[in-house]
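Since the structure comes first, as structure tokens, the remarks are kept for the end.
This is a predicted model, so every value here is computed, not measured. Order of listing sets the numbers, starting from 1, for every ligand and every atom in it.
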Amino acid sequence: MSETAKIELNGKMYEFPVVEGTENEKAIDITKLRQETGYITIDSGYKNTGATLSAITFLDGEEGILHYRGYPIEQLAEKASFIEVAYLLIYGSLPTQAQLDDFTSNITKHTLVHEDMKQFFEAYPAKAHPMGVLSSMICSLSTFYPESLDPNRSPEAKNLTILRLLAKLPTLAAWAYKNSMRHPFMYPKNGYDYCKNFMHMMFAMPTEDYDVDPVVVDALNKLLILHADHEQNCSTSTVRIVGSSQANLYATISAGISALWGPLHGGANQAVIEMLEKIHNDGGDVDKWVLKAKDKDDSFRLMGFGHRVYKNFDPRATIIKKACDDVLEKLQINDPLLAIAKKLEKVALEDEYFKSRSLYPNVDFYSGIIYRALGIPTEMFTVMFALGRLPGWIAQWKEMIEGGEPIGRPRQIYTGATTRDYVEINKR
Ligand code: SDX
């Protein structure tokens, strides 16, 4: 006998089915709630609401577990390449060598951007935030590929758009940085792998050879894997709901980039470094800033701390924290911000305010310190998050589109003025 949920409303009993996932998560299926009862549910921030059934990523916030298509993030971060993980998320299985070679070569073929798009960059001020540039540029790609405007045109057309996005996002991201420096753009090198190519386009100059440090490539590969997907987070939910209107994939990913920009979401990695720099410049008095974070009358928050789902350590933060030590040691960098971050974490984790609210370091707390060590400027940190999250957004969009999900359109409870007649302006 399958489990059901019984709700009594106005003396009448209603029964709704319970669905159970492969990892024993349970939900009450309220698909017929309004039709049968006239009632809807309210859940600000969707803290208790499942938007979909998904086979892509499983996370357990209480246990600090994160799996992509069943594979533990710890194993993928240690053993896989980012492109391999992108294939896994998008197509559902780890690729064979032939599949990976084919996928890699197809991406390599599309790394160039239409030359006309270079003029777009010239219109941006040097101080333009790269997330604003990237979101616009990705949406603008749709204007160069009109056949992509119908996301359901054909499986081949859909896959071509997926490959173009994976291939061109690094190029556009690097060019946004080069443009902000008013440096010449560097073109992709087909002989380089994904991470090495990105670092080449970011930091090489036409006037001299540029060798990408393998330590840097390995660290970037790990960071991108750790950011690749995270089930129904804010930007992924944005991608799913924008995509559900049948908007093209470029516009849909552009919306995801905009949602990620917020400091409560992907923008937190930039905010963490700015916070650590503020504490460092203020003399490094960590206790003072932890007090501010706890003070309800103070708008200061401990950026990089807390999470909607993880009420235990974010498993990604654990891996990134260790990678921090490794990368800084190998590159012989002594970053005072790392010492402040570790002290901040220690003080917070021993403090009742944070413990009682299950506030732990999240993926953004240490990632910025590694990006700094790789030479990535602070304003590019959230762009790095978008680079990593792109395969996850694509995989979630593909699952939604191929699953034939309806357009996302939540309900509401109206709390405004009741019916009233128009009043002529001279009588108001
Ligand atoms: C990401 O969803 C995902 O999966 C996102 C992400 C992904 O991979 O896609 O994991 C990436 O976005 C990570 C989160 C990055 N953001 C930050 O680091 C910003 C700082 N953190 C917070 O603003 C906050 O913790 C959120 C936004 C992450 C979560 O917010 P919630 O779940 O809405 O929780 P809340 O704001 O209601 O906080 C609960 C309590 C509140 O206090 P009380 O009202 O109970 O007294 O905890 C407090 C908050 O004031 N609190 C914090 C805090 N985070 C929560 N207090 C101080 N510092 C903080 N960082």
Side-chain angles (χ1 to χ4, degrees), residues 43-51 54 56-62 64-68 73 77 85 89 131 223-240 256-276 279 286 288-320 341 344-345 347-349 351-369 381-382 384-393 395-396:
D43 183 20
S44 174
Y46 309 111
K47 295 188 176 184
N48 305 280
T49 298
S54 177
I56 299 170
T57 291
F58 168 69
L59 64 85
D60 181 322
E62 282 66 33
I65 291 170
L66 176 58
H67 294 170
Y68 294 161
I73 190 70
V85 168
L89 287 168
M131 284 295 277
L223 280 167
L224 295 180
I225 288 172
L226 291 169
H227 285 80
D229 193 53
H230 214 241
E231 54 132 281
Q232 305 309 313
N233 59 84
C234 175
S235 55
T236 298
S237 299
T238 301
V239 162
R240 285 185 86 116
I257 293 170
S258 299
L260 186 72
W261 196 355
L264 293 188
H265 189 16
N269 56 18
Q270 173 177 339
V272 166
I273 290 298
E274 289 165 350
M275 170 188 75
L276 293 174
I279 295 172
V286 165
K288 166 186 165 188
W289 289 87
V290 167
L291 270 178
K292 284 169 65 66
K294 291 158 56 177
D295 178 356
K296 285 294 165 215
D297 297 327
D298 191 321
S299 61
F300 175 76
R301 273 204 163 186
L302 215 47
M303 299 312 278
F305 252 75
H307 198 278
R308 173 60 58 75
V309 178
Y310 288 123
K311 300 309 171 192
N312 194 323
F313 260 90
D314 180 333
R316 303 167 297 178
T318 307
I319 298 170
I320 293 174
L344 204 50
E345 176 187 1
V347 170
L349 293 185
D351 185 292
E352 197 43 43
Y353 174 93
F354 292 88
K355 287 198 295 189
S356 64
R357 292 169 176 80
S358 303
L359 300 177
Y360 291 86
N362 59 48
V363 66
D364 294 307
F365 191 63
Y366 285 104
S367 54
I369 293 170
F381 287 4
T382 310
M384 302 307 293
F385 197 141
L387 273 182
R389 187 50 54 88
L390 179 62
W393 286 332
Q396 297 273 351

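The closest protein non-hydrogen atom to atom 24 (C) of ligand 1 is R301 NH1, 3.5 Å. Given atom 45 (O) of ligand 1, the protein heavy atom at minimum distance is R357 NE, 3.4 Å. Of all protein heavy atoms, the one lying nearest to atom 4 (O) of ligand 1 is H230 ND1, 2.6 Å. With hydrogens left out, the protein atom closest to atom 12 (O) of ligand 1 is H265 ND1, 2.9 Å, a heavy atom. When only non-hydrogen protein atoms are considered, atom 19 (C) of ligand 1 lies nearest to M303 CE, 3.6 Å. Scanning all protein heavy atoms for the shortest distance to atom 13 (C) of ligand 1 gives D364 OD2, 3.5 Å.
The heavy-atom pair separating L59 from E231 by the smallest distance is CD2-CG, 3.4 Å.
Here the OH-CD1 distance, from Y68 to I56, works out to 11.5 Å after rounding to the nearest 0.5 Å. Interatomic distance, K294 NZ to Y353 OH, rounded to the nearest 0.5 Å: 9.0 Å. Of the inter-residue distances, the one linking L66 atom CG with T318 atom OG1 reads 11.0 Å to the nearest 0.5 angstrom. Considering CG of L276 and CG of L344, their distance stands at 6.5 Å, rounded to 0.5 Å. The distance from the CE atom of M131 to the CD1 atom of I257 is 6.5 Å, given to the nearest 0.5 Å. Rounded to the nearest 0.5 Å, atoms CZ (R389) and CG (D229) are 6.0 Å apart.
K294 does not count as a contact of ligand 1, since none of its heavy atoms falls under 4.0 Å from the ligand. Under a 4.0 Å heavy-atom criterion, V309 is not in contact with ligand 1. For G45, the heavy-atom gap to ligand 1 stays at 4.0 angstrom or more. Residue contacts with ligand 1: K296 is included, with a non-hydrogen atom under 4.0 Å away. The closest approach between Y353 and ligand 1 falls below 4.0 Å for a heavy atom of the residue. By the 4.0 Å heavy-atom criterion, R389 is counted among the residues contacting ligand 1.
The residue E231 has no part lying near ligand 1, judged by heavy-atom distances below 4.0 Å. Only the side chain of R316 comes within 4.0 Å of ligand 1, judged by heavy-atom distances. Only the side chain of N362 comes within 4.0 Å of ligand 1, counting heavy atoms alone; its backbone N, CA, C and O stay farther away. Contacts between L359 and ligand 1 below 4.0 angstrom, taking non-hydrogen atoms only, involve the side chain exclusively. Heavy atoms from both the backbone and the side chain of L302 come within less than 4.0 Å of ligand 1.
At a cut-off of 3.5 Å, with distance as the only test, a side-chain donor of E345 or Y366 sits close to an acceptor on the other residue. With hydrogens and angles left out, the side-chain atoms of D43 and T49 include a donor and acceptor closer than 3.5 Å. Using modelled atom types, one finds no donor on one side chain facing an acceptor on the other under 3.5 Å when comparing N312 with S358.
Of all the atoms in ligand 1, the ones that sit under 4.0 Å from a non-hydrogen atom of G304 are 17 (C), 18 (O). If you number the atoms of ligand 1 from 1 as listed, the ones under 4.0 Å from a heavy atom of K47 come out as 33 (O), 37 (O). Of all atoms in ligand 1, numbered sequentially from 1 with element shown, those under 4.0 Å from a heavy atom of A293 are 57 (C). Of all the atoms in ligand 1, the ones that sit under 4.0 Å from a non-hydrogen atom of A268 are 15 (C), 16 (N), 17 (C), 18 (O). Near N233, with a cut-off below 4.0 Å to any heavy atom, the atoms of ligand 1 are 2 (O), 3 (C), 4 (O), 5 (C), 9 (O). Shown in contact with H307 at under 4.0 Å from a heavy atom are these atoms of ligand 1, numbered in order with element: 2 (O), 3 (C), 4 (O), 5 (C), 6 (C), 10 (O), 13 (C), 25 (O), 28 (C). Shown in contact with R308 at under 4.0 Å from a heavy atom are these atoms of ligand 1, numbered in order with element: 29 (C), 31 (P), 32 (O), 33 (O). In the vicinity of G306, heavy-atom distances shorter than 4.0 Å reach the ligand 1 atoms 25 (O), 28 (C).
When only interatomic distances are considered, the shortest N/O to N/O separation between F354 and ligand 1 does not fall below 3.5 Å. At least one N or O atom of L264 sits closer than 3.5 Å to an N or O atom of ligand 1.
The nearest protein heavy atom to atom 8 (O) of ligand 1 is closer than 4.0 Å. Protein heavy atoms come within 4.0 Å of atom 17 (C) of ligand 1. Distance screen at 4.0 Å: atom 26 (C) of ligand 1 has no protein heavy-atom neighbour inside the cut-off.
Aromatic pair F365/H307: ring centres not closer than 6.0 Å.
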Check step by step if side-chain contact (heavy atoms from CB on, under 4.5 Å) holds for C234 and R308. CA-CA 10 Å; C234 175; R308 173 60 58 75; over 6 Å; no
Steps toward side-chain contact (heavy atoms from CB on, under 4.5 Å) verdict (I320, I369): CA-CA 10 Å; I320 293 174; I369 293 170; over 6 Å; no
Check against side-chain contact (heavy atoms from CB on, under 4.5 Å), W289 and F300: CA-CA 8 Å; W289 289 87; F300 175 76; 3.7 Å; yes
Checking M303 against Q270 for the side-chain contact (heavy atoms from CB on, under 4.5 Å) test, could you report, in this order, the C-alpha distance in whole Å, the side-chain angles of both residues, the deciding distance, and whether it holds? CA-CA 9 Å; M303 299 312 278; Q270 173 177 339; over 6 Å; no
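By the 30° and 60° cut-offs, the orientation of the rings of F385 relative to H227 is perpendicular.
Remark: among candidates F365, F300, F305, the nearest residue to atom 21 (N) of ligand 1 is F305, based on non-hydrogen atoms.
Residues H265 and N233 form a side-chain contact, since some pair of their non-hydrogen atoms from C-beta on lies under 4.5 Å apart.
Under the side-chain contact (heavy atoms from CB on, under 4.5 Å) test applied with F305, the options V290, L349, D364, D314 reduce to a single match, L349.
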